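As the structure is a prediction and not an experimental result, all values here were calculated from the model. When a ligand or atom number is given, it counts from 1 through the structure's own listing order.
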Amino acid sequence: MCGIVGYLGRRPALPILLEGLRRLEYRGYDSAGVALARDGRLLVRKAAVRVAELTRLTANLAGSTTGIAHTRWATHGPATATNAHPHTDTGRRIAVVHNGIIENATELRATLSASGVRLVSDTDSEVLAHLIAAAAARGGTLTEAVRTALADVEGTYGLLVLDAERPDVLVAARHGSPLVLGLGDREMFVASDLAALVRHTQQVIYLEDGELATIRADGYETRGADRPPTVVEDVPGDYELGGHPDFMAKEIAEQPEAAQRVLRGRLDERLGTARLDGLRLTARELRGIRRVKFLGCGSAYYAGQVGAGLVEELARVPADAEPAAEFRYRNPVVDPDCLYIAVSQSGETADTLATVEELQRKGGRVAGAVNVVGSAIARECDSGVFLHAGPEISVASTKAFTNMTLAFALLALTLGRVRDLSLGEGRRIARALAELPERIGQVLAEEDRIASLAGRFADAQHVFYLGRVRGWPVAREGAQKLKEISYVHAEAYQSSELKHGPLALVDAAMPSVVLIPDDELAVKNLGTIEQIRARGGPVVAVTTTGLAVPGAEEVVRVPTAGPELDPVLLTIPLQLLAYHTARKLGRDIDKPRNLAKSVTVE
Ligand code: F6R
């Protein structure tokens, strides 16, 4: 959602800030703005525009080497120039960009108004500029002023502050919303997301929650312990299209490599098991786990559902998945023998993060399955599995979803092998996992054929996705992909539920995608096709090679990886189907309407 960029150094700040904002566009936003300090004054431009338009609006602003910038996703008040960040105080001395939510904004606004301050925006963030300016006016450093102001603030923030009178310093503060400092050569960068930094530096410092940093061109200070910078693995090319028409196409294509990364060093084919050292659990502790519960939102929740199936199948440990927000608000009974897994690509999703905190408060054992190293959830969980999918820019999750399911297969194998999964079976699964990246490549090689089916979906008003047991979370993820990027209404159902209601909707205008893994339920799934065909409904069957599928008008086949792992492969054609449908409809694939890449508010 909202994005923050800051620069302080020896080069003109504006191009660096605008370029940083451009790299944060994928997160979703509806307005953008920038503030520079020049000759003791603030130069501010902001509007409900794309970054390209902001670049035009700022064409005449130059000559400053210190500035802050923001992309806003409207929460308090509509997307307007006034509500866009940076916000300033009445005297236009202090400029603030803010991610997060100030929970006592109403009270703070009332107090400020009562003391004669005229608030101009509808936002919660504006109060910060006024509070900091009031504290700065009483003397002391900018850092002291920010600290004083924040003492009155309740809520979450990633905050960056610029003082027109002190252009040699920026102050950053973090409480629940990520901020990362980039260390350059006599220059410093600040951002809410690595994407805005990696072009400039690989040396970064993740601010800790509750930390406040005073940033100067030659370094930074906090009250926290000195720590060496983290060297980030992301390279600038990860954030470039590299010849692909959009990031979703790039990320779908990257899956064989990404899958290799999540498996690398973690599979032991000889012993038919896996090693997930990041879980920090001994064999005895693994053996003591009596339940596994996956918690996440959207596609991360569906990936957790695939994971739960794998854990039950391979380890015979009861497992399930639940949307993080539901879990957090239903005052759950926390089971000390359960391993809770917080699943998140971004590591920033507010509901998933809050769930982790709730679990920790109640003494639950929670591990992260997170893609973004250094993200809030990764840091909050002191153990976990990194997904190593590489940066995922497109809003629709593809390679991170696949890597989640692979990480869960590794977990299931590990848990299985400390229980009753035999060496032979363990080896079979380990071998199938090792071969999966290549199998994913084989599915991708069928892209043209899958793309040729997209027309059926582009013309449809509604589409059903049907699966059972292993195919059910795949159907859910397939429907999710189609609806979010093509805006074609798609619903997933368990095939067995069809005749209990939804079958009434089936007619010639409503295509169904039926998942048919080659497993003991294949015959039942073939029966589902018959039920739909008997009502004149068109069917696209997605299955593995070798299984005869009579009745379906179109059949998409993936190579088999064995029944347990086939769900991973069956997801890939559904990504391509959604992608090509969205392309046919001319959608803005990487940035679907109303959606943001990381949902950092509830
Ligand atoms: C779907 C999608 C979303 C995310 C969800 C969780 O393609 O991208 O449903 O999966 O918002 O995001 P993370 O994984 O970042 O917690």
Apply ring pair (Phe, Tyr, Trp, His ring centres under 6.0 Å) to the pair Phe408 and Phe294, showing each step before the final yes or no. CA-CA 10 Å; Phe408 303 152; Phe294 295 87; 4.6 Å; yes

Which of the atoms in ligand 1, numbered in the order shown and given with their element, are less than 4.0 Å from a heavy-atom of Ser344? 13 (P), 14 (O), 15 (O), 16 (O)

Considering non-hydrogen atoms only, spot the tightest contact between Gly364 and Val334 and give its length. CA-CG1, 3.5 Å

Yes or no: does Ala396 have any heavy atom under 4.0 Å from an atom of ligand 1? yes

Does ligand 1 have a heavy atom under 4.0 Å from the side chain of Val395, from its backbone, from both, or from neither? backbone

Does Ser177 offer a backbone N or O that forms a donor-acceptor pair with the side chain of Asn99 under 3.5 Å? no

Atoms in ligand 1 with a heavy atom of Ala300 nearer than 4.0 Å: 10 (O), 14 (O)

Which of the atoms in ligand 1, numbered in the order shown and given with their element, are less than 4.0 Å from a heavy-atom of Gly298? 9 (O)

Heavy atom of the protein closest to atom 15 (O) of ligand 1 (residue, atom name, distance): Ser346 OG, 2.6 Å

Considering only heavy atoms of Lys481, which atoms of ligand 1 have at least one such atom less than 4.0 Å away? 1 (C), 7 (O)

Set of side chain to side chain contact (heavy atoms under 4.5 Å, CB included) partners for Tyr301, sequence neighbours left out: Ala321, Pro323, Arg476

Is the charged tip of Arg468 near the ring of Tyr493: under 6.0 Å from the six-membered ring centre and within 45° of its axis? no

Any idea which protein heavy atom is nearest atom 10 (O) of ligand 1, and the distance to it? Ser299 N, 3.2 Å

Indicate yes or no: at least one non-hydrogen side-chain atom of Leu295 is less than 4.5 angstrom from one of Tyr340. yes

Could you list all the salt bridge (charged side-chain N to carboxylate O under 4.0 Å, His left out) pairs where at least one residue sits in residues 389-403, not counting sequence neighbours? Glu254-Lys399, Glu392-Lys597

Would you say Glu348 contacts ligand 1, with heavy atoms under 4.0 Å as the rule? no

Tell me the closest heavy-atom pair linking Val232 and Tyr206, and the distance in Å. CG1-OH, 3.9 Å

How does Glu484 reach ligand 1, by side chain, by backbone, by both or by neither, if only non-hydrogen atoms under 4.0 Å count? side chain

Run the salt-bridge test on Arg22 and Glu19 with the 4.0 Å N-O cut-off and return the result as yes or no. yes

re atom 6 (C) of ligand 1, the protein heavy-atom contact at minimum distance is Cys297 O, 3.2 Å

Ligand 1 to Thr349 polar contact by distance, N or O atoms, under 3.5 Å: yes

Please write down residue, atom name and distance for the protein heavy atom closest to atom 9 (O) of ligand 1. Gln480 NE2, 3.0 Å

Which protein heavy atom lies closest to atom 11 (O) of ligand 1, and at what distance to 0.1 Å? Val599 CG2, 4.2 Å

Does either side chain, that of Glu251 or that of His244, offer a donor lying less than 3.5 Å from an acceptor on the other one? no

Atom 14 (O) of ligand 1 [closest protein heavy-atom partner, distance rounded to 0.1 Å]: Gln345 N, 2.6 Å

